[in-house]
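Here is how names work: the chains are called A, B, and so on, in the same order as the sequence lines, proteins then strands, and each is numbered from 1. Predicted model only: the values in this text are computed from it and were never measured.
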Amino acid sequence: MKELPKIYDPKAVESKIYDMWTRGGYFKGRIDPDKKPFTIVIPPPNVTGQLHLGHAFDETLQDVLIRVKRMQGYSALWVPGTDHAGIATQIKVEENLRKEGISRYDLGREKFLEKVWEWKHQYGDRIVQQLKTLGSSCDWDRLRFTMDEGCSRAVREVFVSLYEKGLIYKGNRIINWCPKCRTALSDAEVEREDQAGNFWHIRYNVKDSDEYVVVATTRPETMLGDTAVAVHPEDERYKHLVGKTVILPLVNREIPVIADEYVDKDFGTGCVKMTPCHDPNDFEVGLRHNLEQILVLDEDAKINKNGGKYEGLDRYEARKQVVKDLEALGQLVKIEPHSHNVGTCYRCGTTVEPLTSPQWFVKMEPLAKEALEVVQDGRITFVPDRFVKNYTNWMENAHDWCISRQLWWGHQIPAWYCADCGHITVSRIDPDKCEKCGSRNIKRDEDVLDTWFSSALWPFSTLGWPDKTPDLEYFYPTSVLVTGYDIIFFWVARMIFSGMEHMKEVPFRTVLFHGLIRDDKGRKMSKSLGNGVDPIEVIETYGADALRFNIITGNSPGNDMRYYNERCEAMRNFANKIWNASRFVMMNLTIDKNELPEKLELEDKWILSKLNALTGEVNENLDKFELGIAANKIYDFIWDSYCDWYIELTKPRLNGDDETAKIGAQKVLLFVLTETLKLLHPFMPFITEEIWQALPHEGEALMIEKYPEFSEKINFPEDEAKFEIIMNAVRAVRVRRAEMNVPPSKKPHLTIVTDKKDIFEAGRVYLSKLAYAGELTITDTVPDTEGSVNVVTNDAKLYMPLAELVDLQKERERIEKEIKTAKDDLARTEGKLSNQGFIAKAPQAVVEAEKEKAQKLRDLIENLNESLSTLK
RNA sequence: GGACGAUUAGCUCAGCUGGUAGAGCACCCGCUUGACGUGCGGGUGGUCACAGGUUCGAGUCCUGUAUCGUCCACCA
């Protein structure tokens with residue numbers, strides 16, 4: 001048996017163990033008709049940089065699930081991969097170039113993309129490395145990237161097929177435009193924030209009349225693009241103006257007054273300026289009334305040539321100038337402070353500008369229908385289920401999805417425009433001529449697709465789709481998707497309708513949502529705050545197992561959690577505890593086979609039965625995705641039951657002369673430790689594997705051992721209860737001694753008076769050790785108790801001659817106090833039992849438990865009374 | 001304007017299908033108990049945000065209220 005160091009050093013074992021697993025090929029997902037598949041596809045981390053704690057959380061949950069299932073005999077596959085992250089990555093690379101003083105335009109598309117690929121290789125590899133450091137048991141042979149050849153084919157196939165079905169269309173519609181990223185965004189990519197602003201009230205004069213209307217706006221510069229003023233059809237104040245025209249100030253354009261239900265009579269002045277090109281509502285109204293569309297902003301959010309003399313001004317400068325000019329003209333009625341909601345780009349935070357632009361869209365309504373059904377009818381389960389409501393609400397109201405991006409990094413849209421006939425050719429293979437007129441004068445769309453378009457296909461594109469691969473056949477649908485609730489709309493929703501549309505089957509059976517990891521003050525971790533925690537640094541300090549256990553415990557599904565180094569420290573201590581317990585077992589081991597002895601002592605049955613109960617509970621909680629509860633139970637068992645009690649209990653046998661007893665203790669120690677390591681392995685894979693390898697074992701690796709299951713063979717509830725009687729006595733003695741400050745070195749003669757002599761006799765060997773007894777007498781008759789300290793439990797009265805420490809008066813008071821507490825307790829219990837409602841309506845088991853409790857209290861009171869009467 | 005979450009020991013959090021509250025850290029007392037001081041034994045500490053209700057019984061279910069947080073939403 002090899003000698004283990006006193007303190008567990010994660011650095012010395014983690015990479016070694018990981019290599020061993022890799023060499024063994026244990027991460028490999030194998031198609032095995034005799035096994036059930038269990039599949040997870042990783043939410044692909046962006047290749048923008050490095051992993052953060054949020055990833056560590058995500059990956060740990062997945063690794064626990066996949067390791068458990070693998071041990072339970074499933075053919076487990078965890079597909080790893082990374083995401084090209086269109087905007088995010090492009091921004092990063094552009095920032096990098098800017099340091100050298102060049103822009104992407106200087107390089108040109110082709111050269112720029114080379115640079116991005118370089119970046120991708122560098123950071124993609126780094127992320128893979130970090131995933132391995134965490135212990136992730138991914139099948140690395142199946143590593144994928146959203147822009148690799150296969151995924152790109154999937155994207156192309158989906159785009160073309162949706163286009164053919166009429167579910168993808170190109171249209172000049174209002175979209176969210178980020179002037180900094182210079183691209184269109186989907187609704188999901190726009191974040192909303194309240195900003196302080198103003199309501200500018202502007203007077204529009206009615207043509208050929210002294211009348212005027214006043215409109216209020218938060219964005220006065222957009223008036224340059226106004227093409228109507230709208231009022232409510234029933235609004236008596238303005239009814240007579242409908243059909244007339246007003247003169248748009250500054251521009252001096254005649255625009256009609258129209259009536260539309262959209263206008264709220266009671267809000268503002270009841271008159272709304274209509275800017276169809278720069279407001280989504282106005283756009284809709286404009287369509288209804290056939291209003292002219294005048295776009296006044298360019299892609300940098302500067303006023304374009306339609307803005308007349310304001311051309312070239314930035315939107316905010318234009319705002320100032322417009323207001324100033326209006327004021328000069330006397331058309332500005334008033335300015336009211338008003339906070340309003342503005343959209344910002346989720347990548348760069350710039351205020352987005354709604355504007356009309358020719359873009360590609362996915363028609364949502366037909367796709368949403370089935371996506372809603374599968375979640376409603378349970379074909380997909382959300383954990384926790386409260387997110388169903390969130391999902392449903394979004395899916396029911398989803399607008400068409402703008403999928404084109406004016407970027408270079410991404411999947412280029414497979415559409416070709418004919419310069420001769422204007423036809424758009426959308427094709428699976430690059431065409432060399434227009435499919436309609438045959439002209440060779442065609443040009444490919446420069447735009448790329450939304451990153452999330454390819455992510456949406458991830459569960460099946462990674463398994464080989466659009467080909468009919470054996471992987472796809474066997475591993476799809478995937479089993480569980482693990483992800484943060486923050487990307488339910490971006491990703492989860494879109495995977496669901498994509499799976500249903502292209503695979504005719506759900507992409508996953510269960511979605512396990514987790515929360516966000518925040519800093520110790522509850523703030524979101526972010527670069528700007530500088531409060532981010534690097535998981536790799538944490539692993540350096542505390543070890544991967546400690547980080548994993550920290551993340552898994554003390555947190556319930558779907559809830560955010562705060563990260564504390566202190567907690568990691570506690571988990572590192574736990575790892576060290578296991579290490580030393582194992583070290584103890586190994587030091588005492590003379591056997592080389594893991595098997596239970598023929599004869600089991602009471603304490604053996606107790607620990608085995610406890611282990612068995614733990615096994616049952618762990619499995620139950622894993623089935624419910626309560627990983628934190630499962631992990632906590634293992635923690636408690638190892639620390640409390642195994643280390644603090646059982647190991648101490650075996651010491652007399654291990655150090656004794658009885659060879660059979662010695663071997664027996666070793667066997668149970670080894671058996672329980674091994675089973676515990678199996679239970680713990682998915683949570684703390686490194687240390688458990690390292691220890692298991694050093695223990696007598698059959699098989700190659702712990703990670704492919706069978707996960708323990710509840711077994712009647714080691715289920716001893718009665719013996720468990722009997723042993724608890726001894727434990728209670730030990731605890732009672734310890735409490736008394738602690739109260740009197742008796743040091744462990746002081747070992748008085750202990751007399752146990754009980755009618756359960758056989759039980760205490762069974763524990764004789766270690767009872768004296770744990771209760772610090774010099775000599776031990778177990779009897780049913782009360783001895784001479786002169787000068788004794790009395791200790792009382794339900795089942796025994798214990799006496800220790802510590803005359804010098806005994807103050808009779810205090811002893812009497814203490815016992816009387818205990819009697820009173822017990823009596824109060826009993827009164828409450830009996831009150832319950834005499835309550836007819838309780839007896840009649842409470843479950844049988846609860847009533848029984850209550851009766852048992854009453855009996856125990858009566859025994860205790862009796863013992864206390866006797867103890868009091870013999871006090872001298 | 002909707003929806004959701006949180007409110008439990010000094011701090012951070014558990015507490016599943018209702019049966020008089022748990023952990024880690026912190027704090028206090030004691031310990032060279034031959035695995036571990038990253039340890040051992042013992043202990044202090046909670047009217048479970050508030051108000052009602054259902055129930056024999058509620059931290060746990062229902063209805064409100066308050067505070068904090070998140071998401072969704074086209075009021076110009």
Side-chain angles (χ1 to χ4, degrees), chain A residues 4 6-8 192 199 215-219 222 230 262-264 266-275 279-285 338 340-341 354 384 386-387 389-390 392-394 397 485-486 488-489 515-516 520 522 542 546 550 553-556 558-564 566-567 569-588 620-621 624 626 628-629 632 635-636 643-644 647-648 651 655 730-731 734-745 769-770 772 825 828-829 832 835-843 845-847 849-850:
Chain A
L4 296 180
K6 250 181 152 174
I7 289 191
Y8 173 60
R192 298 268 156 191
F199 246 156
V215 299
T217 179
T218 53
R219 295 186 302 153
T222 62
Y262 157 71
V263 180
D264 180 351
D266 305 317
F267 186 82
T269 60
C271 296
V272 190
K273 62 190 267 311
M274 288 291 121
T275 322
D279 183 283
N281 300 306
D282 297 4
F283 181 78
E284 294 300 324
V285 174
H338 177 75
H340 64 136
N341 219 245
R386 63 180 137 97
F387 291 110
K389 208 163 187 172
N390 242 354
T392 306
N393 187 41
W394 186 82
N397 301 304
Y485 62 75
D486 52 330
I488 182 164
F489 308 134
L516 274 40
D520 56 355
Y542 302 105
N550 178 17
T553 56
N555 160 262
S556 52
N559 285 2
D560 291 355
M561 69 182 299
R562 297 187 194 196
Y563 174 83
Y564 281 89
E566 288 81 351
R567 259 184 73 84
E569 203 173 308
M571 295 313 153
R572 177 207 57 187
N573 294 354
F574 175 54
N576 194 241
K577 187 73 182 172
I578 301 164
W579 184 256
N580 277 289
S582 308
R583 210 160 65 87
F584 171 81
V585 173
M586 286 181 215
M587 281 164 46
N588 285 286
E620 274 171 34
N621 281 292
K624 290 189 292 187
E626 290 282 2
I629 295 178
N632 261 324
Y635 178 101
D636 289 342
C643 293
D644 288 347
I647 283 185
E648 294 307 318
K651 282 179 181 173
N655 300 329
V730 169
R731 287 198 194 101
R734 284 176 178 169
V735 169
R736 283 273 52 220
R737 292 177 59 109
E739 278 169 7
M740 299 188 304
N741 278 337
V742 185
S745 51
K769 174 181 156 62
L770 299 184
Y772 314 99
D825 244 20
R828 212 171 302 132
T829 308
K832 258 190 181 178
N835 180 333
Q836 283 309 88
F838 178 73
I839 298 292
K841 292 179 183 171
V846 176
V847 177
E850 219 47 43

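Legend: residues meeting side-chain contact (heavy atoms from CB on, under 4.5 Å) with A:Phe267, ordered by chain and number and at least two apart, are A:Phe199, A:Asp264. In this view, A:Asp486 satisfies the side-chain hydrogen bond (donor to acceptor under 3.5 Å, both in side chains) rule with no residue, not counting sequence neighbours. Residues satisfying the side-chain hydrogen bond (donor to acceptor under 3.5 Å, both in side chains) test with A:Glu620, not counting sequence neighbours, are none. Residues forming a side-chain hydrogen bond (donor to acceptor under 3.5 Å, both in side chains) with A:Lys651 (at least two apart in sequence, or on another chain): A:Glu648. Annotation: side-chain contact (heavy atoms from CB on, under 4.5 Å) contacts of A:Met561 (sequence neighbours excluded): A:Phe57, A:Ile517, A:Asn555. With sequence neighbours excluded, the residues that form a side-chain contact (heavy atoms from CB on, under 4.5 Å) with A:Arg572 are A:Tyr542, A:Ala546, A:Glu569. Judged as a ring pair (Phe, Tyr, Trp, His ring centres under 6.0 Å), and not counting sequence neighbours, A:His340 has no contacts. In terms of the side-chain contact (heavy atoms from CB on, under 4.5 Å) criterion, residue partners of A:Val585 (sequence neighbours excluded) are, by chain and number, A:Leu589, A:Tyr642, A:Leu669, A:Leu673.
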Does the protein touch nucleotides 67-72 of chain B at the base, only the backbone, or not at all? Give it as B, S and - per nucleotide, heavy atoms under 4.0 Å.
----SS
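For A:Lys6 against B:C36, no side-chain N or O and base N or O form a donor-acceptor pair under 3.5 Å.
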Atom pairs, protein N/O to nucleotides 24-32 of chain B N/O, distance under 3.5 Å:
residue : atom : partner  : partner atom : Å
B:C29   : O2'  : A:Asn741 : OD1          : 3.4

Please list each protein N or O that sits under 3.5 Å from an N or O in nucleotides 6-11 of chain B, with the distance.
none

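For the pair A:Lys769 NZ and B:C40 P, the interatomic distance rounds to 14 Å; values are reported in whole Å.
Across B:G39, B:G19, B:A3, the shortest atom-to-atom separation from the side chain of A:Lys577 is found for B:G39. Checking B:A76, B:C4, B:G41 against every side-chain atom of A:Asp264, the shortest atom distance belongs to B:A76. The side chain of A:Arg734 sits closest to B:G42 out of B:U38, B:C36, B:G42.
With the nearest nucleotide of RNA chain B identified for both A:Thr553 and A:Tyr772, A:Thr553 has the one nearer the 5' end.
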Dot-bracket for RNA chain B, 5' to 3', with Watson-Crick and G-U pairs under 3.5 Å, [ ] for crossing pairs and | for other-strand pairs: what is it?
(((((((..((((........)))).(((((.......))))).....(((((.......))))))))))))....
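At the heavy-atom level, A:Val215 lies nowhere under 4.0 Å from the strands shown.
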